[in-house]
Amino acid sequence: MNVLLLGSGGREHALAQALHKSPALNRFFVAPGNPGIETLAKAVVLVSEDHEQIIAFCKRQAIDLVVIGPETPLVEGLTDSLAAEEIKAFGPSEDAALLEGSKAFAKKICEIFSIPTAAYARFNEADAAKAYLRDKGAPIVVKADGLAAGKGVVVAETMAEAEAAIDAMFAGAFGEAGSTILLEEKLIGQEVSFFALCDGKHAVALGSAQDHKRLGEGDTGPNTGGMGAYSPVPFMDAAMNERVMAEIVRPLIAGMAELERPFQGLLFVGLMITAQGPKVIEFNVRFGDPETQAILPRLEQDLLPLLKACADETLPEVPLVLSPQSAVTVVLAAKGYPEAPQKGSEIRGLDKVEAMEGVIVTHAGSKRDGHKLIADGGRVLNITGIGATLEEARARAYAAVDAIDWPEGFCRRDIGAKKPSP
Ligand code: AMP
Ligand code: GLY
């Protein structure tokens, strides 16, 4: 199969590593890619907004599958443009990607198909939202409806915080994304990211991971794109996995098919495991970052035919084989992240680290300058340790982190350290 992968992050590097192992892979292209992915796939210049350009490339290179990493091209209908030219893509149509593109749509779907989630109401203006707030009180969660790069959510502990968030969103703090807002009950429990592969009619679980979203150790400081992840998660046992499939994933897939918005691709359910069971926090319509870096190394099956089966509507509902080993992914970020990451510093010692046992390096925000590797973003590298236990995986990940010579970088030292119980 000839494959084109779209994206440039650690998630796409982890996807590239898994796809590269496939005996079914023939030619492999990436756009735009990064220094890590470029060792596995040929980087080409394509702009994800330019559907015509991507279609022309796919025809020229006889691409059998386009794997779309990030959410924006999905929400913008790239899958549909490709489908119109009979080019297969892994990733949902624009109609199905609305599950991530509009939180109000996602909530509506949960309501229609009785999928457990937090109680909520939606508003188009501040007065009605504030009246609801006075009725419900704090804590409460205030969310912008549309895509806001993970920043459009305020978990308000006080009425004043909630009012300020409502005002900021209607004042345009998140642009169009905040012209509709949701007020939501705050869920209490353990958060987990759950992945399922879906072909429109069928779904299979692809494991789960726990992200560490806050910048600082002990879950303090501002929210980030994710500072690390680990998999498997101890409380996501076989019974809880089946509950998530039975109460959330299968009803959602059946419901979306019924509404003629069949969901094909990776369904990422952001869950809270509450005292009453699993509840949906949000849906994403693509692989999570950095969860993918911790989950995919545990997959003991060829990923490429699975992704193709999702696009072809031929996904067998047979449980996937995941290694019982643990994976811990530590994100190395440039100092100043998330507000103002410093770019341009040199990273040394990566060759040595890549040769260490049970260590996988993925690139996220790096670039090459001749033989030098340079920091070129906020989250720059991800170091994944694999081991028989969570402790061994952690030890390997941090031993590798410590062997990297990059004084201008930092990481959280407690990824996978907290043994959670719901
Ligand atoms: P998001 O940007 O949508 O991933 O949301 C950011 C974070 O806000 C989530 O990872 C949760 O930790 C938190 N969050 C969102 N909705 C709720 C909720 N209803 N109850 C508790 N926490 C929430
Ligand atoms: N790690 C959370 C996300 O990918 O949205």
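Both ligands and their constituent atoms are indexed starting at 1 by order of listing.
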Could you tell me if S22 and D302 have a donor-acceptor pair between their side chains, going purely by distance under 3.5 Å?
yes
Under 30°, 30 to 60°, or over 60°: which ring-plane class applies to H212 and Y230, parallel, tilted or perpendicular?
perpendicular
Looking at K143, which atoms of ligand 1 are within less than 4.0 Å of one of its heavy atoms?
15 (C), 16 (N)
Taking the non-hydrogen atoms of R286, is any one of them nearer than 4.0 angstrom to ligand 2?
yes
I want to confirm something. Looking only at heavy atoms, which of V154, V153, D211 is nearest to atom 8 (O) of ligand 1?
V153
K367, NZ atom: more than 12 neighbouring heavy atoms under 6.0 Å
no
Under 4.0 Å from a heavy atom of D211: which atoms of ligand 2 are those, numbered in the order shown and with their elements?
1 (N), 2 (C)
Atoms in ligand 2 with a heavy atom of G288 nearer than 4.0 Å:
4 (O)
Which atoms from ligand 2 have a heavy atom of E291 less than 4.0 Å away?
1 (N), 2 (C)
Check K213 against ligand 1 and report side chain, backbone, both or neither, counting heavy atoms closer than 4.0 Å.
side chain
First locate atom CD of Q264, then atom CD1 of I253, and finally report the distance between them rounded to the nearest 0.5 Å.
9.5 Å
CG-OG1 distance between N382 and T292, expressed to the nearest 0.5 angstrom:
10.0 Å
Measure the acute angle between the ring planes of F268 and F195, then classify it against the limits of 30° and 60° as parallel, tilted or perpendicular.
tilted
Under 4.0 Å from a heavy atom of K103: give me the atoms of ligand 1 that qualify, with their elements.
3 (O)
Give the numbers and elements of all ligand 2 atoms closer than 4.0 Å to a heavy atom of N284.
5 (O)
For the residue pair T362 / Q293, report whether a side-chain donor-acceptor contact shorter than 3.5 Å exists.
no
Any F268 heavy atom less than 4.0 Å from ligand 2
yes
Can an N or O of L187 be found at a distance shorter than 3.5 Å from an N or O of ligand 1?
yes
Are any of the N/O atoms on E184, whether in the backbone or the side chain, positioned under 3.5 angstrom from an N/O atom of ligand 1?
yes
What part of I281, side chain, backbone, both or neither, has a heavy atom within less than 4.0 angstrom of ligand 1?
side chain
Is it the case that ligand 1 has an N or O less than 3.5 angstrom from some N or O of E191?
yes
State if G226 counts as touching ligand 2 under the rule of any non-hydrogen atom under 4.0 Å.
no
One finds that the ligand 1 atoms under 4.0 Å from a non-hydrogen atom of E185 are 18 (C), 19 (N), 20 (N)
Name the residue from I63, L304, L15 that meets the side chain to side chain contact (heavy atoms under 4.5 Å, CB included) definition with V3.
L304
